[in-house]
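None of the values given here were measured: they were computed from a predicted structure. When reading the values below, keep in mind they use all heavy atoms of this one structure, side chains included, and skip hydrogens, waters and symmetry mates.
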Amino acid sequence: MIARTIVDVPASQTDRVFDYAVPEEFEHLIKPGIRVYVPFGPRKIQGFVLELTDTTDVPAGKLREISRLVDLTPPLTNELMMLADWLKDQTLSYHISALQVMLPAAMRASYRKNVVIAEGAELANYSEAILRVFQQDDGISDWDKWQQKATKEERKEVAAGLRRGDFLVIPVVKSNETEKRQTAVYPSINAKLENLTAKQKLVLDYIHNLGDHPEDHAVARILEATGVTRSIIDALVKKGALEKKTEVIQRDPYEGREFHDQKPAALMQEQTEALQPVDEAVRSGRAETFLLRGVTGSGKTEIYLQAIESVLQKGEEAIVLVPEISLTPQMVTRFKGRFGSRVAVLHSALSKGEKYDEWQRIRNKEVDVAVGARSAVFAPFENLGIIIIDEEHEASYKQEDAPRYHAREVAIQRGKHYSCPVVLGSATPSLESFARAKKGVYRLLTMEKRVNDVKMPDVSVIDMREELRSGNRSMFSETMIAAIQTRIEKNEQAVLFLNRRGYSTFIMCRDCGYVAECPHCDISLTYHSSQRKLQCHYCGYSHTIPTLCPECESESIRFFGTGTQKAEEALREVFPDIRVIRMDVDTTSRKGSHEKLLEAFGNKEADVLLGTQMIAKGLDFPDITLVGILAADSMLHLPDFRASERTFQLLTQVSGRAGRHKRPGEVLVQTYTPEHFSIQHVKEHDFLSFFDDEMRVRKAGGYPPYFFLTLVHVSAEDLEYTVQVTDRIARFLREHLSGQTLVYGPVASQIPRIKDRYRYQCMIKYKVEPKLTETLQTMMKTFEGELNRSDLAIVIDTNPNMML
DNA sequence: GTTGCGATGATT
DNA sequence: ATCATCGCAACA
């Protein structure tokens, strides 16, 4: 028997099937989809068995045997194995990457080299220090890592030892499956209950009255509940009254949290009309894509919940995708409240182990709803009845590293396989999706009214040029100050939005124009007041603030641009007693801090929530009556064809935080370009007009959705070489692609250098290009050699999010 | 002869 | 990706 295997080596030369002989002992256990350990050259690695056959072209001398099986049952379903095949072609990524991305991180293998003292080694040649390293533990546990922190002398010494054979390298393949275990005790069936002390009786009674929940039987839990010491339990075990067991338990990330049962809400007419066709598609099992455009607060979540209800009734399963940062407790609460323990939650705030357990619960059919971020689109269900993507326009649905897939496209592909509907929901759909809906590719569902007829907030645009003219040089307009003042007086809350973290965006010398830049990246350094340092947001480089200009030694070095830190400071200057909670990457990096800050704001421990885009979503507090957008045009002038779209979406999203309940909301938008259409249409809550205006711009510029884009990104340490390679790629593509397809480049990336690597790109614009994948693959083949021997990197991004 | 290095080729 | 091998130069 021959196993056709994809090996775990993400490289172009190994991105193909390798045949292995299946030892007889495994023949009845092995199945397609099972992972195996195989010898590959001198080492041992993991691989995925694609299929089993009886023939091979590999000469008998070269054919090697599978060492052992990793799994007893295939971790990925048949459908997901097929999906990986589709995914690798779509994204031009390696087959192995497409397979690995579908597994939880804990199941991906890691490789390290353990260095130990060989038998019969002559140790007299080695220094004390080195021998001490080897005496600890099992020698050097990870050779590659150790080499990085060791000194040159140490490295040389060990290398010499390896050559002489005194030290030995043992390659270790580790698949990280981490099951959580606990020690639990259960009453023995034929227990002799004699001569018990009072405390022992107490514990025994307690255990007898426990239910079936394995967690309740954990020794640690019992000790805590009864207040006795471990010795009491040990004594009972010795006497035979209790039995000790080690068992695998599942972590519950939401342990101790209560979820109140939530009944389906009565729907408004618009909601009923939107739900009906989805429901019908669920019932008849039709692969149809719906675009549900509903204004903020129109009750989209309720539609999702009720559609899922139908799916569950049919005995099928549901996937709900939400943007990473909106996985706030609010969303989880609603799903858990409605579907209870039948819900698995998958998102980045969980530990690797927790994600693994949630994933296993799906694989073992213990749940039938998965709520999660992008990668949850690969949830290993086998009877999918619906896939829902909330906030479908969100950029985070596109994975930024290989395989560069878009969750929306994956969802639609899976929907086809299971013949089930896909629902894309948003208040501000992406232009691509809305255009498809207008063409009839997707079915459009619209909800223009907020639940309970709550009014859309009033949006006023404040022209900051006027403010400047009238002498106000601060970042807060008069109107904004007055509005915040009123909120404080009325004990209401305000949300202030500034899409830039740090203190200032750059520092510049007023005399000579010098701007502090990162020495490794072509980008200005940002000042962070908490560490009193300049920082590069791309490579993490940091430097002290110069007091004198390094160029002209002038003292007039000043901060320009505003970040959240500075905004907080400025706010305190105006309102000395104001209570502010700031939310940005810097204040929410610790686990759980995001939730904590939101909770504090919800408990009215602050008057103002000041933050970057992470506060744009999911916030739903009754006392927010003011939303202030401090710099609406901060994203508008980025050299990205989606800049207007992003601005409109973000502003609409943030505005939607105001007045969602009884009190009316007010939104103030500060801008230097009040006439820009994406700002004007936010004012009128007018998505349709925005769409029309922006479509004209896209048509004129030849951008999506009128054209498809594919970006070829080239980087290397040498500038000339980078440009030269990009140019060769551009020529190659022009030569091989059809006449209607446009190839631009080479052009420098938006940030021409990051971490000392120059970055150039080449953009392909096309309408129909059947040969594209093939051509790009040939192109990569021709550069294979160069990619191997230089530091060159070529990345292909189909349908890129941004033009980085 | 030994050691250190980069380039080259193969992995079933 | 990673390992082994080969060739070449520097060194003893």
Can D71(A) and K31(A) be said to form a salt bridge (charged side-chain N to carboxylate O under 4.0 Å, His left out), step by step?
CA-CA 10 Å; D71(A) 309 294; K31(A) 282 176 214 127; over 6 Å; no
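Remark: the backbone N or O of D791(A) is paired with a side-chain donor or acceptor of R757(A) at under 3.5 angstrom.
The side chain of R43(A) contributes no N or O atom lying less than 4.0 Å from OP1 or OP2 of dT2(C). Side-chain nitrogen and oxygen atoms of K113(A) include at least one within less than 4.0 Å of the OP1 or OP2 phosphate oxygen of dC3(C).
In this entry the distance linking CG of L787(A) with P of dA1(C) reads 9 Å, nearest Å. Straight-line distance from the NZ atom of K62(A) to the C1' atom of dT12(B): 8 Å, rounded to whole Å. Between the P atom of dA10(B) and the CZ atom of F18(A) lies a distance of 12 Å, rounded to the nearest Å. The distance from atom NE2 of H95(A) to atom P of dA1(C) is 19 Å, rounded to the nearest whole Å. The separation between E65(A) atom CD and dT12(B) atom P is 13 Å, rounded to whole Å. Distance, R112(A) CZ to dA1(C) C1': 18 Å, rounded to whole Å. Summarising the geometry, the separation between CZ on R16(A) and C1' on dT12(B) is reported as 7 Å, rounded to the nearest angstrom. One can place CG of L162(A) at 15 Å from C1' of dG4(B), the figure rounded to the nearest angstrom.
For D19(A), the listed nucleotide lying nearest its side chain is dT12(B); candidates were dT12(B), dT11(B), dC3(C). The side chain of Y20(A) lies closest to dT12(B) when the candidates are dA1(C), dT12(B), dC3(C).
No engagement by K44(A) is indicated, since no non-hydrogen atom pair under 4.0 Å with the nucleic acid exists. Note on P59(A): nothing from the nucleic acid sits closer than 4.0 angstrom, heavy atoms only.
Annotation: cation-pi geometry satisfied between R16(A) and F18(A) (NZ/CZ under 6.0 angstrom from ring centroid, within 45° of ring axis). Annotation: cation-pi pair K765(A)/Y703(A) present, NZ/CZ under 6.0 Å from the ring centroid and within 45° of its normal.
R408(A) has no carboxylate O lying under 4.0 Å from a charged side-chain N of E394(A), or vice versa, which leaves the two without a salt bridge.
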